[in-house]
Amino acid sequence: MAHTEDGPRPKYQRIADTLREAIQAGQYGPGDRLPGENDLMATHGVARMTARQALGVLRDEGLAEARKGAGVFVRSFRPLRRRGIQRLAEQQWGNGRSIWSADLENRSLEVDQITVSEEAALERIGAVLELAADEPLCVRRRRFVLDGKPVLLATSYLPMSLVAGSAITHEDTGEGGTYARLADLGHKPVHFLEEVRSRMPSKDEVARLSMSEGTPVILICRTAFTAEGRPVEVNEMKLDAASYVLEYDFDA
């Protein structure tokens, strides 16, 4: 029996370990149905609640998903490898490519639920962008859908004084996106700061990202700076943690 420093692992965790190992060994492939509660009860001699908890562990880890009336299946969605440094290089957006092109590997990406509005600056955003209390913002909200699966909610805040009348205030910002348009306006971003946290999602985030129960969201807040050190954009992103691998590849 497996033990921890605090004593033996609960039975449901040990059953989850067995199923996880079977998935990793290829016994159950993407889209395959896992043993149901009745199967686990019979195989392991446990109560229904224990079997349900074991399957819940795999759902919480993003390895499995429940389909109403059909059972629990190995997730077929392949996580996106987010290349945190390469995607922001000027050679991406400066040459008219989306920063997502560093990550996609020929996968299908759709951006929907796009809204662009002029809003009063939130105190926390205004402080980062060094704005006066009454200075308005251009706020861009959108959702990113990869291979039919919503994976990211993003909200960008930019000083309206910088972007008024430009393509940044439109739903389609054109080739290279927001950073290319900032460069066109004479405010090219040359430095980025990303802060990463995580928490459990709100009900709205669960619905908009089609998340499995118990899966956290990764929060990434990125600030873009010009060569003069002026902050020109704050982008707050909410990622489905089960849909991402965060990769940072850099030299010593």
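Owing to the predicted nature of the structure, the values given are computational and were not obtained by experimental measurement.
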Handout entry: Verify same cluster id: I218, M237 (apolar side-chain graph, 4.5 Å)
Key = yes

Exercise for the section: Mark yes or no for whether R20, through its side chain, and I15, through its backbone, hold a donor-acceptor pair below 3.5 Å. Expected result: no

Exercise for the section: Would you kindly confirm whether M200 and I220 end up in one hydrophobic cluster when ILVMFWY residues are joined by side chain heavy atoms under 4.5 Å apart? Expected result: no

Practice task
Work out which heavy atom in Y248 is nearest to a heavy atom in I85; give both atom names and the distance.
Solution key: CD2-CG1, 4.3 Å

Completion exercise
Minimal heavy-atom distance between L34 and A64, with the atoms involved, is CD1-CB, 3.9 Å

Completion exercise
Heavy-atom nearest pair, T169 first then A164, reads CG2-CA, 4.3 Å

Handout entry: Over all atoms of both residues, closest heavy-atom pair of A180 and E175
Key = CB-O, 3.7 Å

Problem - E65 side chain reached by S210 side chain, heavy atoms, under 4.5 Å - result: no

Exercise for the section: Return yes if some donor-acceptor pair links the side-chain N/O of S98 with the main-chain N/O of W100 below 3.5 Å, else return no. Expected result: yes

Practice task
Would you give the length of the straight line joining atom CG of L239 to atom CZ of F144, rounded to the nearest 0.5 angstrom?
Solution key: 10.0 Å

Handout entry: Validation row: I168, L185 side chains within 4.5 angstrom (heavy atoms)
Key = yes

Problem - Test item: F192 and E233 side chains (from C-beta on) under 4.5 Å apart, heavy atoms - result: no

Practice task
Determine the minimum heavy-atom distance between M41 and A51, stating which atoms define it.
Solution key: CG-CB, 4.1 Å

Exercise for the section: Would you check if F225 and P231 make a side-chain contact, meaning some heavy-atom pair closer than 4.5 Å? Expected result: yes

Practice task
Could you check if a side-chain atom of R33 sits within less than 4.5 angstrom of a side-chain atom of D39, using non-hydrogen atoms only?
Solution key: yes

Practice task
Walk me through it: do E135 and L129 pass the test side chain to side chain contact (heavy atoms under 4.5 Å, CB included)?
Solution key: CA-CA 10 Å; E135 188 169 345; L129 291 175; over 6 Å; no

Practice task
Answer yes when R87 and E194 have at least one side-chain N-carboxylate O distance shorter than 4.0 Å, and no when they do not.
Solution key: no

Practice task
For the residue pair V163 and H187, establish whether any side-chain heavy-atom pair is separated by less than 4.5 Å.
Solution key: no

Problem - Atom of P201, atom of V206 and distance for their closest heavy-atom approach - result: CG-CG2, 3.5 Å

Practice task
May I ask you to decide if R83's main-chain N or O and D103's side chain share a donor-acceptor pair within less than 3.5 Å?
Solution key: yes

Completion exercise
Taken to the nearest 0.5 Å, the spacing of R52 CZ from L40 CG works out to 11.5 Å

Handout entry: From CG (D147) to CG (L80), nearest 0.5 Å
Key = 9.0 Å

Practice task
Please check if L58 and V74 belong to a single hydrophobic cluster, counting links between Ile, Leu, Val, Met, Phe, Trp and Tyr side chain heavy atoms closer than 4.5 Å.
Solution key: yes

Practice task
Look up atom OH in Y28 and atom CD1 in I23, then write down how far apart they are to the nearest 0.5 Å.
Solution key: 8.5 Å

Exercise for the section: Verify, without hydrogens or angle tests, whether R181 (side chain) and T173 (backbone) share a donor-acceptor contact under 3.5 angstrom. Expected result: yes

Fill in the blank from the handout: Rounding to 0.5 Å, atoms CZ (R208) and CG (L152) come to a distance of 10.0 Å

Exercise for the section: Please test L137 against L131 for side chain to side chain contact (heavy atoms under 4.5 Å, CB included), starting from the C-alpha separation and ending with a verdict. Expected result: CA-CA 9 Å; L137 292 173; L131 302 180; 3.3 Å; yes

Problem - Donor-acceptor pair, side chain of R14 and main chain of R9, under 3.5 angstrom - result: yes

Exercise for the section: Run through R222, R140, R142 and flag the one making a side-chain hydrogen bond (donor to acceptor under 3.5 Å, both in side chains) with S156. Expected result: R142

Exercise for the section: Please step through side chain to side chain contact (heavy atoms under 4.5 Å, CB included) for the pair L182 and L158, ending with a clear verdict. Expected result: CA-CA 10 Å; L182 282 170; L158 303 102; 4.0 Å; yes

Problem - L153-L109 co-clustered via ILVMFWY side chain contacts under 4.5 Å - result: no

Problem - Trace of the side chain to side chain contact (heavy atoms under 4.5 Å, CB included) decision for V128 with Y157 - result: CA-CA 10 Å; V128 175; Y157 304 89; over 6 Å; no

Practice task
Would you please say whether a donor-acceptor pair under 3.5 Å links the side chains of Y179 and Q92?
Solution key: no

Exercise for the section: Report whether V151 and V196 are members of the same hydrophobic cluster (ILVMFWY, side-chain heavy atoms less than 4.5 Å apart, transitive linking). Expected result: yes

Practice task
Look at atom CZ of R67 and say whether more than 12 heavy atoms of other residues, nucleotides or ligands are closer to it than 6.0 Å.
Solution key: yes

Handout entry: Any side-chain heavy-atom pair of N38 and R48 under 4.5 Å
Key = yes

Exercise for the section: Give, for atom CG of L219 and atom CD of E205, the distance between the pair rounded to the nearest 0.5 Å. Expected result: 7.5 Å

Practice task
Run through M211, R75, R82 and flag the one making a side-chain contact (heavy atoms from CB on, under 4.5 Å) with S243.
Solution key: R75

Practice task
Determine yes or no for a side-chain-to-main-chain donor-acceptor pair under 3.5 angstrom, with K149 supplying the side chain and L209 the backbone.
Solution key: yes

Practice task
Determine yes or no for a side-chain-to-main-chain donor-acceptor pair under 3.5 angstrom, with R97 supplying the side chain and Q91 the backbone.
Solution key: yes

